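Here, residue 1 is the first one in the sequence, and each next residue gets the next number. Note that the structure is a prediction, hence the values are computed from the model and not measured. Both ligands and their constituent atoms are indexed starting at 1 by order of listing.
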Amino acid sequence: MLNNCHYFAAMYAIVRSFLFLFSPEWVHYFSMNWLKKLCSIGFMHRYLQKRYRPATAEPVRFLNLQFPNRVGLAAGFDKNALYLKELAALGFGHVEVGTATPRPQAGNDKPRLFRLKRDRALINRMGFNNDGVEVIAARLAQFKLSPEAANLIIGGNIGKNKETPNEYAYMDYDKCFRSLHPVVDYFVVNVSSPNTPGLRELQEKESLRQILTHLQEINASMQIKRPLLLKIAPDLTDEQLAEVVDLSTEINLDGLVIANTTLNRSMLTDAGKIKAGDAGAGGLSGAPARQRSTDMIKLVAKQTNGKLPIIGVGGIFTKADAQEKHAAGAALVQVWTGFVYEGPGIVKKILN
Ligand SMILES: Cc1cc2nc3c(=O)[nH]c(=O)nc-3n(C[C@H](O)[C@H](O)[C@H](O)COP(=O)(O)O)c2cc1C
């Protein structure tokens, strides 16, 4: 006989085959706006919380913050801080909003998000579409006043505008850091998206040093210090990764988020490679990204004797995937593509 969990998974499989008939970006906003409507009805909100919040999750002390559980939503899903109450109802312990840039950006032309169903993957070239840091900060300030805020840690993922030259990038990060400082719990510096031309060059040691030490100086001058983490690309070589880790230790960075989407297509099936070719440029996420992210986490944990805090992200769909990241050295995990394929029960499935 089907238990409750299997029943809801089967239901989602049916809903998903219908949703997958439409464009991924349209489905993203359609589903989230629908969830928002449901959550605006008091008893539905309570029902969803009861249904999806993991009953047994233990809080986790990490970065000197109390996370309600180990599973968060990765950056880029709720870029504009529009769905925080709803995501908390689905059990997420933290949500990383952004990537936010100083000025609003439309991002790249559509279509810019593609499904590779057989490979349980996505390709995106969104290009930091977002409402701009001021608008996002105002929404977060509003959210902070709500009762749900007590149950959700907020990360602020920050980036630079497309037209800002790399030598002035630190000024964009400065602007985003100051604007979000009062309303987020931790920061992630994103220099690893493949969809902003030249951005990944900022992962080079001296550029990174300039941006990160500048933000640390601002942080030190504030009354409340926010943990500062760096999000890295899975396409760094092991040598480049070791350099980033050296720098992170040298400047006392609070941690790493490992990893962003990849440009590598070699782990796709043959059919997947053809689909990826049709989709064109962009970052690959989901199941094919799992192994490299885990391997990088292991390398960092080894190099630092497990001393550098790590959030693991990339190809997490199941409890086993999350445990793999944890065993490699990640204290917390985040999902993005897994949420699309597994549905709203993913947090509960991972934690129970
Ligand atoms: C459509 C889409 C948009 C994303 N946007 C961002 C972003 O704005 N900033 C960022 O740091 N990562 C972004 N990411 C990367 C995810 O946060 C995550 O690192 C990556 O997808 C790997 O996790 P996954 O395999 O669970 O999807 C995005 C991913 C997707 C699929």
Side-chain angles (χ1 to χ4, degrees), residues 23-29 32 71-81 92 94-101 105 107-108 110-116 119-131 133 136 155-162 173 176 186-196 199-200 202-203 229-235 256-264 267-268 279 282-294 296-297 310-318 321-322 324-325 330 332-342 346-347 350:
S23 112
E25 192 171 348
W26 181 85
V27 171
H28 178 80
Y29 289 105
M32 291 312 292
V71 183
L73 187 63
F77 195 98
D78 190 9
K79 286 173 184 283
N80 293 311
F92 287 102
H94 69 281
V95 172
E96 205 171 292
V97 301
T99 297
T101 57
Q105 267 189 183
N108 291 322
K110 295 177 187 172
R112 53 192 180 180
L113 178 57
F114 306 86
R115 292 184 203 101
L116 275 55
D119 289 81
R120 296 196 303 154
L122 295 171
I123 287 180
N124 90 82
R125 50 169 171 278
M126 307 302 287
F128 288 172
N129 54 310
N130 77 105
D131 292 343
V133 74
I136 295 171
N157 182 303
I158 56 178
K160 74 166 193 76
N161 279 110
K162 184 178 175 184
Y173 289 94
C176 292
Y186 73 89
F187 277 99
V188 177
V189 173
N190 182 8
V191 284
S192 48
S193 164
N195 301 314
T196 295
L199 186 83
R200 285 180 164 203
L202 296 174
Q203 289 181 114
L229 291 85
L230 173 72
K231 185 164 180 178
I232 57 175
D235 304 325
L256 293 178
V257 181
I258 305 174
N260 214 314
T261 55
T262 179
L263 293 173
N264 191 351
M267 57 305 217
L268 291 171
L284 175 70
S285 59
R290 198 196 88 235
Q291 191 62 53
R292 176 62 184 154
S293 150
T294 303
M296 288 178 104
I297 295 168
I310 299 169
I311 299 178
V313 51
I316 298 175
F317 289 66
T318 62
D321 296 336
E324 178 187 270
K325 293 279 189 284
L332 300 184
V333 295
Q334 295 178 338
V335 299
W336 204 127
T337 307
F339 187 25
V340 171
Y341 283 88
E342 298 293 317
I346 189 167
V347 180
I350 290 175

Closest to atom 27 (O) of ligand 1 among protein heavy atoms sits Thr337 OG1, 2.5 Å

Is there a ring pair (Phe, Tyr, Trp, His ring centres under 6.0 Å) between Phe77 and Phe92? Walk through the geometry before answering. CA-CA 12 Å; Phe77 195 98; Phe92 287 102; 7.6 Å; no

In terms of heavy-atom contacts, Ala330 and Ile311 come closest through CB-C, 4.4 Å

If you compare Ser192, Gly314, Gly338 by their heavy atoms, the one closest to atom 22 (C) of ligand 1 turns out to be Gly314

For Thr261, the atoms of ligand 1 under 4.0 Å from one of its heavy atoms are 15 (C), 20 (C), 21 (O)

closest protein heavy atom to atom 9 (N) of ligand 1 is Thr99 OG1, 2.7 Å

Exercise. Over 60° means perpendicular and under 30° means parallel, so classify the ring planes of His94 and Tyr186, tilted if in between.
Key: perpendicular

Atoms of ligand 1 under 4.0 Å from any heavy atom of Asn190, numbered from 1 in the order shown, are 9 (N), 10 (C), 11 (O)

In this structure, NE2 of His28 is separated from CZ of Phe339 (nearest 0.5 Å) by 9.0 Å

### Task
Tell me yes or no: between the side chains of Lys79 and Thr99, is some donor less than 3.5 Å from an acceptor?
no

Of all protein heavy atoms, the one nearest atom 12 (N) of ligand 1 is Lys231 NZ, 3.1 Å

Min over Ala287, Pro24, Gly76, Ser285 of heavy-atom distance to atom 4 (C) of ligand 1 lands on Gly76

d(Phe187 CZ, Leu229 CG) to nearest 0.5 Å is 11.5 Å

So for Ser293 against ligand 1, with non-hydrogen atoms under 4.0 Å, the contacting part is neither

Margin query: Main chain of Arg290, side chain of Thr294: is a donor-acceptor contact present, judged purely on distance under 3.5 Å?
Written below: yes

Q) Taking distance alone, with no angle check, do Leu122 and ligand 1 share an N/O pair under 3.5 Å? A) no

Among non-hydrogen protein atoms, atom 23 (O) of ligand 1 lies closest to Val313 CG2, 3.3 Å

The protein heavy atom nearest to atom 30 (C) of ligand 1 is Asn124 ND2, 3.3 Å

Filtering Phe77, Phe317, Trp336 for the heavy atom nearest atom 26 (O) of ligand 1 leaves Trp336

Across all chains, not counting sequence neighbours, the side chain to side chain contact (heavy atoms under 4.5 Å, CB included) partners of Glu342 are Arg120, Phe317, Ile346, Lys349

TODO: Would you check whether Ser193 reaches within less than 4.0 Å of ligand 1, judged by its heavy atoms?
DONE: no

Quick note on ligand 1: atoms under 4.0 Å from a heavy atom of Gly315 include exactly 24 (P), 25 (O), 26 (O)

Smallest heavy-atom separation, Arg125 atom then Asn108 atom, equals O-ND2, 2.7 Å

On a heavy-atom basis, the closest approach of Asn195 and Gly282 is OD1-CA, 3.6 Å

Among non-hydrogen protein atoms, atom 15 (C) of ligand 1 lies closest to Asn260 OD1, 3.5 Å

Honestly, for Glu96 the part within reach of ligand 1 (heavy atoms, under 4.0 Å) is neither

*asked:* Checking the N or O distance criterion of under 3.5 Å, is ligand 1 in contact with Ala259?
replied: yes

Contact region, Val188 to ligand 1, non-hydrogen atoms below 4.0 Å, reads neither

Here the gap from Leu268 atom CG to Ile123 atom CD1, rounded to the nearest 0.5 Å, amounts to 6.5 Å

For Asn157, the ligand 1 atoms with a heavy-atom partner under 4.0 Å come out as 10 (C), 11 (O)

shortest atom 13 (C) of ligand 1-to-protein heavy-atom contact is with Ala75 O, 3.2 Å

re atom 8 (O) of ligand 1, the protein heavy-atom contact at minimum distance is Lys79 NZ, 3.0 Å

When rounded to the nearest 0.5 Å, the distance separating CG of Leu230 from CG of Leu256 is 6.0 Å

Under 4.0 Å from one or more heavy atoms of Leu113, ligand 1 contributes atoms 1 (C)

Contacts of Asp235 meeting salt bridge (Lys or Arg N to Asp or Glu O under 4.0 Å) (sequence neighbours excluded), chain-then-number -> Arg200

